Participant: 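Please see the structure below; I have some questions.
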Amino acid sequence: MKTLTPAFAADFAALAYETLERAPLESTEYYRRLKNTFLMEAGSIKGVSGSILERVFTHSTNFGCIAKGKKGLFEGDYVLALRGTAKMRDVITDLNCGLSTCSNSQPVHAGFNHTFNSFRKQLEQFFSKKASQKLNIHVVGHSLGGALANLAANWLKNHFGANVKLYTFGAPRVGYHSFAIQTEAATNNHVYRCVHAADPVPLVPVWPFMHTEQEYILNGAATITPKAHSMTEQTPGYLHTASNFKSYAAINKGMEKRIQEEVRLDYDKRLECSRTSRWARKIGAALITYLRDTGKLYAIQNHYTNTLTVYDQIAKALTDSIDLSKNYTSDVKGILGYMLAFCGYPFKAISFTYASIRHILKLMLKNVFSLAGQAIALTK
(Lines give C-alpha, C1' and ligand atoms only; values in the text may rest on other atoms or scores of the structure.)
Protein backbone atom coordinates (compact mmCIF):
# COMPACT_ATOMS: atom_id res chain seq x y z
CA MET A 1 0.00 0.00 0.00
CA LYS A 2 1.62 3.21 -1.21
CA THR A 3 1.39 6.55 0.61
CA LEU A 4 -0.54 9.50 -0.82
CA THR A 5 1.68 12.45 -1.63
CA PRO A 6 1.14 15.58 0.50
CA ALA A 7 -0.43 17.26 -2.55
CA PHE A 8 -2.86 14.37 -3.20
CA ALA A 9 -3.87 14.27 0.49
CA ALA A 10 -4.41 18.06 0.54
CA ASP A 11 -6.52 17.94 -2.64
CA PHE A 12 -8.75 15.29 -1.08
CA ALA A 13 -9.06 17.30 2.15
CA ALA A 14 -10.14 20.35 0.12
CA LEU A 15 -12.44 18.24 -2.08
CA ALA A 16 -14.39 17.10 0.99
CA TYR A 17 -15.65 20.67 1.48
CA GLU A 18 -17.06 20.69 -2.05
CA THR A 19 -19.65 18.07 -1.02
CA LEU A 20 -21.60 21.03 0.41
CA GLU A 21 -21.89 22.63 -3.02
CA ARG A 22 -24.45 21.84 -5.72
CA ALA A 23 -21.87 21.37 -8.47
CA PRO A 24 -20.57 17.83 -9.15
CA LEU A 25 -17.29 17.03 -7.43
CA GLU A 26 -15.86 16.05 -10.80
CA SER A 27 -16.09 19.71 -11.90
CA THR A 28 -13.86 21.05 -9.12
CA GLU A 29 -10.24 22.09 -9.54
CA TYR A 30 -9.22 19.63 -6.82
CA TYR A 31 -10.70 16.62 -8.59
CA ARG A 32 -9.20 17.70 -11.91
CA ARG A 33 -5.78 17.19 -10.33
CA LEU A 34 -6.82 13.78 -9.03
CA LYS A 35 -8.89 12.37 -11.91
CA ASN A 36 -6.04 10.60 -13.68
CA THR A 37 -5.40 8.53 -10.56
CA PHE A 38 -8.75 8.31 -8.75
CA LEU A 39 -12.43 7.82 -9.61
CA MET A 40 -15.26 9.08 -7.38
CA GLU A 41 -17.20 6.19 -5.79
CA ALA A 42 -19.51 7.96 -3.31
CA GLY A 43 -20.14 11.67 -3.75
CA SER A 44 -21.60 12.37 -0.32
CA ILE A 45 -21.54 10.98 3.21
CA LYS A 46 -24.19 12.53 5.41
CA GLY A 47 -23.77 13.08 9.14
CA VAL A 48 -25.02 15.19 12.04
CA SER A 49 -22.80 18.02 13.25
CA GLY A 50 -21.79 18.24 16.89
CA SER A 51 -23.49 21.62 17.22
CA ILE A 52 -26.30 21.62 19.78
CA LEU A 53 -29.08 22.61 17.37
CA GLU A 54 -28.15 20.01 14.79
CA ARG A 55 -27.90 17.31 17.44
CA VAL A 56 -31.37 18.20 18.78
CA PHE A 57 -33.03 18.28 15.37
CA THR A 58 -30.75 15.58 13.85
CA HIS A 59 -30.26 17.75 10.79
CA SER A 60 -27.87 15.92 8.48
CA THR A 61 -25.35 17.47 6.13
CA ASN A 62 -22.65 16.22 3.76
CA PHE A 63 -19.41 15.36 5.52
CA GLY A 64 -17.26 13.84 2.82
CA CYS A 65 -16.76 11.53 -0.13
CA ILE A 66 -15.07 8.29 -1.20
CA ALA A 67 -12.80 7.72 -4.20
CA LYS A 68 -11.11 4.62 -5.61
CA GLY A 69 -7.69 4.33 -7.22
CA LYS A 70 -7.43 3.58 -10.93
CA LYS A 71 -4.59 1.61 -12.51
CA GLY A 72 -1.18 2.54 -11.16
CA LEU A 73 0.27 3.07 -7.68
CA PHE A 74 -3.13 3.27 -5.94
CA GLU A 75 -5.09 0.72 -7.97
CA GLY A 76 -7.93 -0.66 -5.85
CA ASP A 77 -7.17 1.63 -2.88
CA TYR A 78 -9.98 3.71 -1.40
CA VAL A 79 -9.75 7.29 -0.14
CA LEU A 80 -12.21 8.50 2.49
CA ALA A 81 -12.11 12.32 2.66
CA LEU A 82 -13.88 14.10 5.53
CA ARG A 83 -14.41 17.81 6.08
CA GLY A 84 -14.55 20.15 9.04
CA THR A 85 -17.34 22.59 9.78
CA ALA A 86 -17.61 25.99 11.45
CA LYS A 87 -20.83 24.72 13.04
CA MET A 88 -18.73 22.56 15.38
CA ARG A 89 -16.83 25.58 16.71
CA ASP A 90 -18.76 25.51 19.99
CA VAL A 91 -17.99 21.81 20.44
CA ILE A 92 -14.22 22.16 20.21
CA THR A 93 -14.11 25.31 22.36
CA ASP A 94 -16.39 24.03 25.13
CA LEU A 95 -14.47 23.54 28.38
CA ASN A 96 -17.29 21.23 29.50
CA CYS A 97 -16.81 18.80 26.62
CA GLY A 98 -17.59 15.24 27.64
CA LEU A 99 -15.94 11.94 26.85
CA SER A 100 -17.28 8.78 25.27
CA THR A 101 -15.75 5.45 24.27
CA CYS A 102 -14.84 4.92 20.63
CA SER A 103 -14.34 1.77 18.56
CA ASN A 104 -10.91 1.03 20.06
CA SER A 105 -12.39 1.21 23.59
CA GLN A 106 -10.50 4.40 24.46
CA PRO A 107 -11.91 7.71 25.77
CA VAL A 108 -12.38 10.39 23.11
CA HIS A 109 -14.05 13.77 22.68
CA ALA A 110 -17.80 13.06 22.84
CA GLY A 111 -18.74 15.70 20.25
CA PHE A 112 -16.41 14.27 17.63
CA ASN A 113 -17.54 10.74 18.41
CA HIS A 114 -21.22 11.71 18.11
CA THR A 115 -20.66 13.14 14.64
CA PHE A 116 -18.63 10.15 13.49
CA ASN A 117 -21.28 7.72 14.74
CA SER A 118 -23.95 9.64 12.82
CA PHE A 119 -22.44 8.51 9.48
CA ARG A 120 -20.72 5.28 10.56
CA LYS A 121 -23.55 3.11 9.18
CA GLN A 122 -23.07 4.62 5.73
CA LEU A 123 -19.42 3.65 5.84
CA GLU A 124 -20.38 0.17 6.98
CA GLN A 125 -22.86 -0.24 4.11
CA PHE A 126 -20.33 0.96 1.54
CA PHE A 127 -17.28 -0.98 2.68
CA SER A 128 -19.20 -4.17 3.55
CA LYS A 129 -19.82 -4.59 -0.17
CA LYS A 130 -16.06 -4.37 -0.79
CA ALA A 131 -14.93 -6.57 2.12
CA SER A 132 -14.46 -9.72 0.03
CA GLN A 133 -11.03 -8.30 -0.77
CA LYS A 134 -8.40 -6.91 1.57
CA LEU A 135 -9.22 -3.24 1.97
CA ASN A 136 -6.60 -0.54 1.63
CA ILE A 137 -8.06 2.77 2.83
CA HIS A 138 -6.50 6.23 3.01
CA VAL A 139 -8.42 8.45 5.45
CA VAL A 140 -8.03 12.21 5.00
CA GLY A 141 -9.38 15.27 6.79
CA HIS A 142 -8.78 18.93 7.61
CA SER A 143 -9.67 20.65 10.89
CA LEU A 144 -12.57 18.84 12.56
CA GLY A 145 -12.58 16.55 9.54
CA GLY A 146 -9.16 15.45 10.75
CA ALA A 147 -10.67 14.53 14.11
CA LEU A 148 -13.33 12.47 12.33
CA ALA A 149 -10.60 10.89 10.19
CA ASN A 150 -8.83 9.69 13.35
CA LEU A 151 -12.02 7.99 14.55
CA ALA A 152 -12.79 6.57 11.10
CA ALA A 153 -9.29 5.09 10.71
CA ASN A 154 -9.59 3.26 14.03
CA TRP A 155 -13.08 1.99 13.22
CA LEU A 156 -12.14 0.78 9.73
CA LYS A 157 -9.18 -1.12 11.17
CA ASN A 158 -11.20 -2.68 14.00
CA HIS A 159 -14.34 -3.45 11.99
CA PHE A 160 -12.90 -4.61 8.66
CA GLY A 161 -9.25 -5.33 9.47
CA ALA A 162 -8.40 -2.85 6.72
CA ASN A 163 -4.93 -1.55 5.99
CA VAL A 164 -5.30 2.09 6.96
CA LYS A 165 -3.21 5.23 6.50
CA LEU A 166 -4.23 8.52 8.14
CA TYR A 167 -3.59 12.03 6.78
CA THR A 168 -4.72 15.15 8.64
CA PHE A 169 -4.25 18.90 8.26
CA GLY A 170 -4.71 21.22 11.24
CA ALA A 171 -6.62 18.59 13.23
CA PRO A 172 -7.46 19.02 16.93
CA ARG A 173 -6.59 16.41 19.53
CA VAL A 174 -9.22 13.65 19.64
CA GLY A 175 -8.58 11.53 22.73
CA TYR A 176 -6.28 10.76 25.61
CA HIS A 177 -2.77 9.31 25.42
CA SER A 178 -4.13 5.76 25.15
CA PHE A 179 -6.20 6.70 22.07
CA ALA A 180 -3.16 8.23 20.38
CA ILE A 181 -1.16 5.04 20.96
CA GLN A 182 -4.00 2.89 19.60
CA THR A 183 -4.24 5.10 16.51
CA GLU A 184 -0.53 4.65 15.81
CA ALA A 185 -0.98 0.88 16.15
CA ALA A 186 -4.10 0.79 13.93
CA THR A 187 -2.23 2.57 11.13
CA ASN A 188 1.05 0.74 11.68
CA ASN A 189 2.53 4.19 12.38
CA HIS A 190 1.33 5.57 9.05
CA VAL A 191 -0.04 8.81 10.51
CA TYR A 192 0.76 11.92 8.49
CA ARG A 193 -0.39 14.67 10.87
CA CYS A 194 0.39 17.95 9.11
CA VAL A 195 0.32 21.30 10.91
CA HIS A 196 1.21 24.94 10.54
CA ALA A 197 3.13 26.05 13.63
CA ALA A 198 0.89 29.13 13.93
CA ASP A 199 -2.39 27.18 13.71
CA PRO A 200 -4.18 27.20 17.10
CA VAL A 201 -6.55 24.29 16.36
CA PRO A 202 -3.94 21.50 16.84
CA LEU A 203 -3.33 22.93 20.34
CA VAL A 204 -6.85 22.02 21.52
CA PRO A 205 -8.39 20.35 23.40
CA VAL A 206 -5.49 20.77 25.81
CA TRP A 207 -4.03 18.14 28.11
CA PRO A 208 -5.03 15.37 28.97
CA PHE A 209 -5.99 15.13 25.28
CA MET A 210 -2.96 14.16 23.19
CA HIS A 211 -1.98 13.80 19.53
CA THR A 212 -0.20 10.94 17.88
CA GLU A 213 3.48 11.57 18.43
CA GLN A 214 4.95 12.58 15.08
CA GLU A 215 3.89 15.70 13.20
CA TYR A 216 4.85 17.27 9.87
CA ILE A 217 5.32 21.06 10.01
CA LEU A 218 4.34 22.50 6.63
CA ASN A 219 4.89 26.11 7.72
CA GLY A 220 7.06 27.17 10.65
CA ALA A 221 5.81 30.72 11.32
CA ALA A 222 5.50 30.73 15.11
CA THR A 223 3.06 33.43 16.26
CA ILE A 224 -0.39 31.90 16.68
CA THR A 225 -3.02 33.26 14.30
CA PRO A 226 -6.43 31.89 13.24
CA LYS A 227 -5.58 32.52 9.57
CA ALA A 228 -2.97 29.76 9.72
CA HIS A 229 -5.80 27.22 9.93
CA SER A 230 -7.22 27.77 6.44
CA MET A 231 -7.24 24.86 4.00
CA THR A 232 -7.39 26.82 0.75
CA GLU A 233 -6.10 30.36 1.36
CA GLN A 234 -2.69 31.19 -0.08
CA THR A 235 -1.21 32.57 3.17
CA PRO A 236 -0.34 30.02 4.27
CA GLY A 237 -3.20 27.58 3.44
CA TYR A 238 -2.61 23.85 3.87
CA LEU A 239 -3.40 23.19 0.21
CA HIS A 240 -0.69 25.65 -0.79
CA THR A 241 1.99 24.55 1.69
CA ALA A 242 1.44 20.81 1.12
CA SER A 243 1.95 21.25 -2.63
CA ASN A 244 5.51 22.44 -1.94
CA PHE A 245 6.61 18.94 -0.90
CA LYS A 246 6.87 15.85 -3.07
CA SER A 247 7.02 13.52 -0.06
CA TYR A 248 6.69 13.55 3.71
CA ALA A 249 10.41 12.83 4.04
CA ALA A 250 11.08 16.37 2.82
CA ILE A 251 8.91 18.02 5.50
CA ASN A 252 10.31 19.26 8.82
CA LYS A 253 9.18 17.04 11.66
CA GLY A 254 8.06 17.88 15.17
CA MET A 255 6.91 15.78 18.10
CA GLU A 256 3.93 15.90 20.42
CA LYS A 257 5.28 16.27 23.97
CA ARG A 258 5.08 12.90 25.67
CA ILE A 259 4.48 12.16 29.34
CA GLN A 260 8.08 11.07 29.96
CA GLU A 261 9.62 14.43 29.01
CA GLU A 262 10.74 16.61 31.89
CA VAL A 263 10.10 20.35 31.55
CA ARG A 264 10.40 22.86 34.40
CA LEU A 265 9.81 26.58 34.09
CA ASP A 266 11.68 29.27 36.01
CA TYR A 267 9.32 32.08 37.07
CA ASP A 268 12.10 34.67 36.76
CA LYS A 269 12.50 33.84 33.05
CA ARG A 270 8.77 34.12 32.22
CA LEU A 271 9.28 37.18 29.97
CA GLU A 272 10.79 34.85 27.36
CA CYS A 273 7.32 33.34 26.89
CA SER A 274 5.16 34.56 23.99
CA ARG A 275 1.89 33.53 22.41
CA THR A 276 3.28 30.83 20.15
CA SER A 277 2.49 27.15 19.71
CA ARG A 278 5.97 26.32 21.07
CA TRP A 279 5.22 27.95 24.42
CA ALA A 280 1.68 26.59 24.61
CA ARG A 281 3.11 23.11 24.27
CA LYS A 282 6.01 23.75 26.65
CA ILE A 283 3.64 24.99 29.37
CA GLY A 284 1.58 21.82 28.88
CA ALA A 285 4.71 19.68 29.17
CA ALA A 286 5.72 21.47 32.40
CA LEU A 287 2.27 20.81 33.83
CA ILE A 288 2.56 17.10 32.99
CA THR A 289 6.03 16.97 34.60
CA TYR A 290 4.66 18.54 37.80
CA LEU A 291 1.65 16.20 37.99
CA ARG A 292 3.86 13.17 37.45
CA ASP A 293 6.36 14.27 40.11
CA THR A 294 3.56 14.82 42.65
CA GLY A 295 1.88 11.49 41.89
CA LYS A 296 -1.31 13.10 40.54
CA LEU A 297 -0.88 12.26 36.87
CA TYR A 298 -2.47 8.81 36.71
CA ALA A 299 -5.54 9.72 38.74
CA ILE A 300 -6.32 12.79 36.63
CA GLN A 301 -5.65 11.00 33.33
CA ASN A 302 -8.12 8.30 34.24
CA HIS A 303 -10.88 10.64 35.40
CA TYR A 304 -13.36 10.26 32.55
CA THR A 305 -16.28 12.48 33.52
CA ASN A 306 -15.74 15.76 31.65
CA THR A 307 -12.96 18.17 30.83
CA LEU A 308 -13.95 20.92 33.24
CA THR A 309 -13.76 18.47 36.13
CA VAL A 310 -10.30 17.44 34.91
CA TYR A 311 -9.14 21.05 34.94
CA ASP A 312 -10.65 21.60 38.38
CA GLN A 313 -8.64 18.60 39.53
CA ILE A 314 -5.49 20.08 38.04
CA ALA A 315 -6.08 23.38 39.87
CA LYS A 316 -6.60 21.44 43.11
CA ALA A 317 -3.42 19.41 42.52
CA LEU A 318 -1.43 22.60 41.98
CA THR A 319 -2.87 24.08 45.18
CA ASP A 320 -2.47 21.01 47.39
CA SER A 321 1.27 20.64 46.83
CA ILE A 322 2.21 24.23 47.64
CA ASP A 323 3.06 23.53 51.30
CA LEU A 324 4.64 20.12 50.72
CA SER A 325 7.92 21.23 49.18
CA LYS A 326 9.75 24.40 48.21
CA ASN A 327 10.55 22.77 44.86
CA TYR A 328 6.83 22.13 44.22
CA THR A 329 6.03 25.75 45.10
CA SER A 330 8.70 26.92 42.69
CA ASP A 331 7.38 24.63 39.95
CA VAL A 332 3.81 25.86 40.43
CA LYS A 333 4.91 29.50 40.42
CA GLY A 334 6.84 28.91 37.19
CA ILE A 335 3.87 27.25 35.47
CA LEU A 336 1.46 29.99 36.54
CA GLY A 337 3.90 32.76 35.65
CA TYR A 338 4.37 31.41 32.14
CA MET A 339 0.60 30.99 31.71
CA LEU A 340 0.09 34.65 32.61
CA ALA A 341 2.92 35.72 30.30
CA PHE A 342 1.38 33.68 27.46
CA CYS A 343 -1.92 35.52 28.02
CA GLY A 344 -0.22 38.92 28.11
CA TYR A 345 -0.11 39.49 31.89
CA PRO A 346 3.52 38.74 32.88
CA PHE A 347 3.50 41.15 35.85
CA LYS A 348 0.19 40.07 37.36
CA ALA A 349 0.59 39.02 41.00
CA ILE A 350 0.14 35.33 41.82
CA SER A 351 -1.79 34.06 44.82
CA PHE A 352 -1.47 30.38 45.70
CA THR A 353 -5.15 29.90 46.53
CA TYR A 354 -7.33 27.41 44.71
CA ALA A 355 -9.54 30.21 43.34
CA SER A 356 -6.57 32.17 41.99
CA ILE A 357 -4.86 29.13 40.45
CA ARG A 358 -8.10 28.00 38.86
CA HIS A 359 -8.59 31.52 37.45
CA ILE A 360 -5.12 31.53 35.84
CA LEU A 361 -5.59 28.04 34.43
CA LYS A 362 -8.98 29.02 33.01
CA LEU A 363 -7.49 32.22 31.55
CA MET A 364 -4.88 30.17 29.70
CA LEU A 365 -7.49 27.71 28.43
CA LYS A 366 -9.86 30.45 27.28
CA ASN A 367 -7.03 32.21 25.47
CA VAL A 368 -6.05 29.13 23.46
CA PHE A 369 -9.64 27.99 22.90
CA SER A 370 -10.67 31.46 21.74
CA LEU A 371 -7.97 31.47 19.07
CA ALA A 372 -9.04 27.97 17.98
CA GLY A 373 -12.67 29.11 17.78
CA GLN A 374 -11.75 32.04 15.57
CA ALA A 375 -9.75 29.70 13.32
CA ILE A 376 -12.58 27.19 12.97
CA ALA A 377 -14.98 30.03 12.11
CA LEU A 378 -12.77 30.61 9.06
CA THR A 379 -12.86 26.92 8.05
CA LYS A 380 -12.14 26.21 4.59
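Since the model is a prediction, treat every value here as computed from it, not as a measurement.
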Participant: State whether the side chain of Tyr338 and the backbone N or O of Lys269 hold a donor-acceptor pair below 3.5 Å, judged by distance alone.
Facilitator: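 Checked: pair present.
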Participant: Answer yes or no for Lys130 and Phe126: cation-pi contact, defined as NZ/CZ to six-membered ring centre under 6.0 Å and angle to ring axis within 45°.
Facilitator: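 Geometry flag: set, cation within 6.0 Å and 45°.
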Participant: Just how far is it from atom CG of Leu318 to atom CG of Leu291, taken to the nearest 0.5 Å?
Facilitator: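 With rounding to 0.5 Å, CG (Leu318) is 6.5 Å from CG (Leu291).
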Participant: Starting at CD of Glu41, measure out to SG of Cys65 and round the result to the nearest 0.5 Å.
Facilitator: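 Between Glu41 CD and Cys65 SG, I get 11.5 Å after rounding to 0.5 Å.
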Participant: Between the main-chain N or O of Ser356 and the side-chain N or O of Thr353, is there a donor-acceptor pair closer than 3.5 Å?
Facilitator: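 Indeed, once roles are kept as given, a pair shorter than 3.5 Å links the two residues.
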Participant: Provide the closest heavy-atom pair for Ala153 versus Val164 in the form atom of the first, atom of the second, distance.
Facilitator: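 Reported closest heavy-atom pair: CB-CG1, 3.5 Å.
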Participant: In sequence, state the C-alpha distance, the side-chain angles, and the governing distance for Tyr238 and Asp199, and then conclude on side chain to side chain donor-acceptor pair (under 3.5 Å).
Facilitator: CA-CA 10 Å; Tyr238 283 104; Asp199 185 351; 2.6 Å; yes
Participant: Determine the minimum heavy-atom distance between Ala147 and Phe112, stating which atoms define it.
Facilitator: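 Looking at all heavy atoms of both residues, the shortest contact is CB-CD1, 3.7 Å.
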Participant: Measure from the side-chain N and O atoms of Thr168 to the backbone N and O of Gly141, and report whether any donor-acceptor pair falls under 3.5 Å.
Facilitator: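 Such a contact is absent between Thr168 side chain and Gly141 backbone.
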Participant: Could you list the donor-acceptor pairs under 3.5 angstrom formed by side chains in residues 242-250, with sequence neighbours left out?
Facilitator:
residue : atom : partner : partner atom : Å
Ser243  : OG   : His240  : O            : 2.6
Ser247  : OG   : Ala249  : N            : 3.4

Participant: Looking only at heavy atoms, which two atoms of Leu151 and Ser103 are closest? And how far apart?
Facilitator: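 Taking Leu151 first and Ser103 second, the nearest heavy atoms are O-OG, 4.4 Å.
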Participant: Between Thr3 and Lys165, is any side-chain donor less than 3.5 angstrom from a side-chain acceptor?
Facilitator: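 There is such a pair between these side chains.
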Participant: Is it the case that over 12 heavy atoms from other parts of the model lie below 6.0 angstrom from the OH atom of Tyr345?
Facilitator: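 No, the 6.0 Å shell around OH holds no more than 12 heavy atoms from other groups.
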Participant: Working note: Tyr31 + Glu29, criterion side chain to side chain donor-acceptor pair (under 3.5 Å); need CA distance, chi angles, decisive distance, verdict.
Facilitator: CA-CA 6 Å; Tyr31 184 72; Glu29 62 175 298; over 6 Å; no
Participant: Examine the side chains of His229 and Ser143 and answer whether a donor and an acceptor come within less than 3.5 Å of each other.
Facilitator: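 Side-chain D/A pair, His229 to Ser143: present.
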Participant: Just one of Phe38, Tyr30, Tyr17 clears the ring-ring contact (aromatic ring centres under 6.0 Å, His included) bar with Phe12, so which one?
Facilitator: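 So, applying the ring-ring contact (aromatic ring centres under 6.0 Å, His included) to Phe12 and each of Phe38, Tyr30, Tyr17, only Phe38 qualifies.
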Participant: Do Phe8 and Val79 come close enough that some side-chain heavy atom pair is under 4.5 Å?
Facilitator: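 Not touching, per the 4.5 Å side-chain cut-off.
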Participant: Please step through side chain to side chain donor-acceptor pair (under 3.5 Å) for the pair Gln106 and Ser178, ending with a clear verdict.
Facilitator: CA-CA 7 Å; Gln106 301 304 320; Ser178 56; 2.7 Å; yes
Participant: Assess whether side-chain contact (heavy atoms from CB on, under 4.5 Å) is satisfied between Val174 and Phe179, documenting all intermediate values.
Facilitator: CA-CA 8 Å; Val174 181; Phe179 174 79; 3.7 Å; yes
Participant: Can His138 and Tyr167 be counted as having a side-chain donor-acceptor contact under 3.5 angstrom?
Facilitator: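 Present: a donor and an acceptor within the cut-off.
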Participant: Would you say Asn154 and Thr183 are linked by a side-chain donor-acceptor pair, where the criterion is simply a distance under 3.5 Å?
Facilitator: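 Yes.
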Participant: With rounding to the nearest 0.5 angstrom, report the CG to OG distance, Leu271 to Ser274.
Facilitator: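 Interatomic distance, Leu271 CG to Ser274 OG, rounded to 0.5 Å: 11.0 Å.
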Participant: Taking it one step at a time, do Asp293 and Arg264 satisfy salt bridge (Lys or Arg N to Asp or Glu O under 4.0 Å)?
Facilitator: CA-CA 11 Å; Asp293 289 350; Arg264 291 181 173 81; 2.3 Å; yes
Participant: Should the heavy atoms of other residues, nucleotides or ligands under 6.0 Å from NZ of Lys316 be counted, would the total exceed 12?
Facilitator: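 Counting neighbours around NZ of Lys316, 12 or fewer heavy atoms of other residues, nucleotides or ligands fall under 6.0 Å, so no.
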Participant: Could you grab the distance from atom CE of Met231 to atom CZ of Arg83, nearest 0.5 Å is fine?
Facilitator: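 Between atom CE of Met231 and atom CZ of Arg83 there are 14.5 Å.
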Participant: So which atom in Thr232 and which in Ala14 form the shortest heavy-atom distance, rounded to 0.1 Å?
Facilitator: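 Of all heavy-atom pairs spanning Thr232 and Ala14, the closest is CG2-CB, 4.2 Å.
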Participant: Evaluate the ring planes of Tyr328 and Tyr290, with Trp represented by its six-membered ring, and classify them as parallel (under 30°), tilted (30 to 60°) or perpendicular (over 60°).
Facilitator: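 If you compare the ring of Tyr328 with that of Tyr290, the planes turn out perpendicular.
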Participant: Tell me if a side-chain donor or acceptor on Thr187 pairs with a main-chain N or O of Glu184 at a distance below 3.5 Å.
Facilitator: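 Present.
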Participant: Rounded to the nearest 0.5 Å, what separation is found between the CG atom of Leu361 and the CE atom of Met364?
Facilitator: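 So the CG of Leu361 and the CE of Met364 are separated by 9.0 Å.
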Participant: Got Ile137 and Asp77 here, is their nearest side-chain heavy-atom distance under 4.5 Å?
Facilitator: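 No, their side chains stay 4.5 Å or more apart.
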Participant: Assess the side chains of Asn219 and Thr241: does a donor N or O sit below 3.5 Å from an acceptor N or O?
Facilitator: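 Thr241 and Asn219 do not have a side-chain donor-acceptor pair below 3.5 Å.
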Participant: Parallel, tilted or perpendicular: which describes the rings of Phe209 and His109, with under 30° parallel and over 60° perpendicular?
Facilitator: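 The arrangement is tilted - the two ring planes meet at 30° to 60°.
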Participant: Charged N to carboxylate O under 4.0 angstrom, Glu272 versus Arg270?
Facilitator: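 Salt bridge: no.
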Participant: Which pair of non-hydrogen atoms, one from Val191 and one from Tyr216, has the smallest distance, and what is that distance?
Facilitator: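 Smallest interatomic distance, heavy atoms only, reads O-CE1, 3.8 Å.
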Participant: Look only at the side chain of Arg173 and the backbone of Leu203, and say whether a donor-acceptor pair between them is shorter than 3.5 Å.
Facilitator: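 Indeed, once roles are kept as given, a pair shorter than 3.5 Å links the two residues.
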Participant: Kindly compute the distance separating OG (Ser118) from NE2 (His114), expressed to the nearest 0.5 Å.
Facilitator: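 It comes to 6.0 Å.
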Participant: Do Arg32 and Thr28 come close enough that some side-chain heavy atom pair is under 4.5 Å?
Facilitator: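 Of all side-chain heavy-atom pairs linking Thr28 with Arg32, none is under 4.5 Å.
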Participant: Compare all side-chain heavy atoms of Leu123 with those of Phe116 and state whether any distance is below 4.5 angstrom.
Facilitator: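 Yes, side chains in contact.
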Participant: Run the salt-bridge test on Glu215 and Arg281 with the 4.0 Å N-O cut-off and return the result as yes or no.
Facilitator: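 Looking at Glu215 and Arg281, the cut-off is met.
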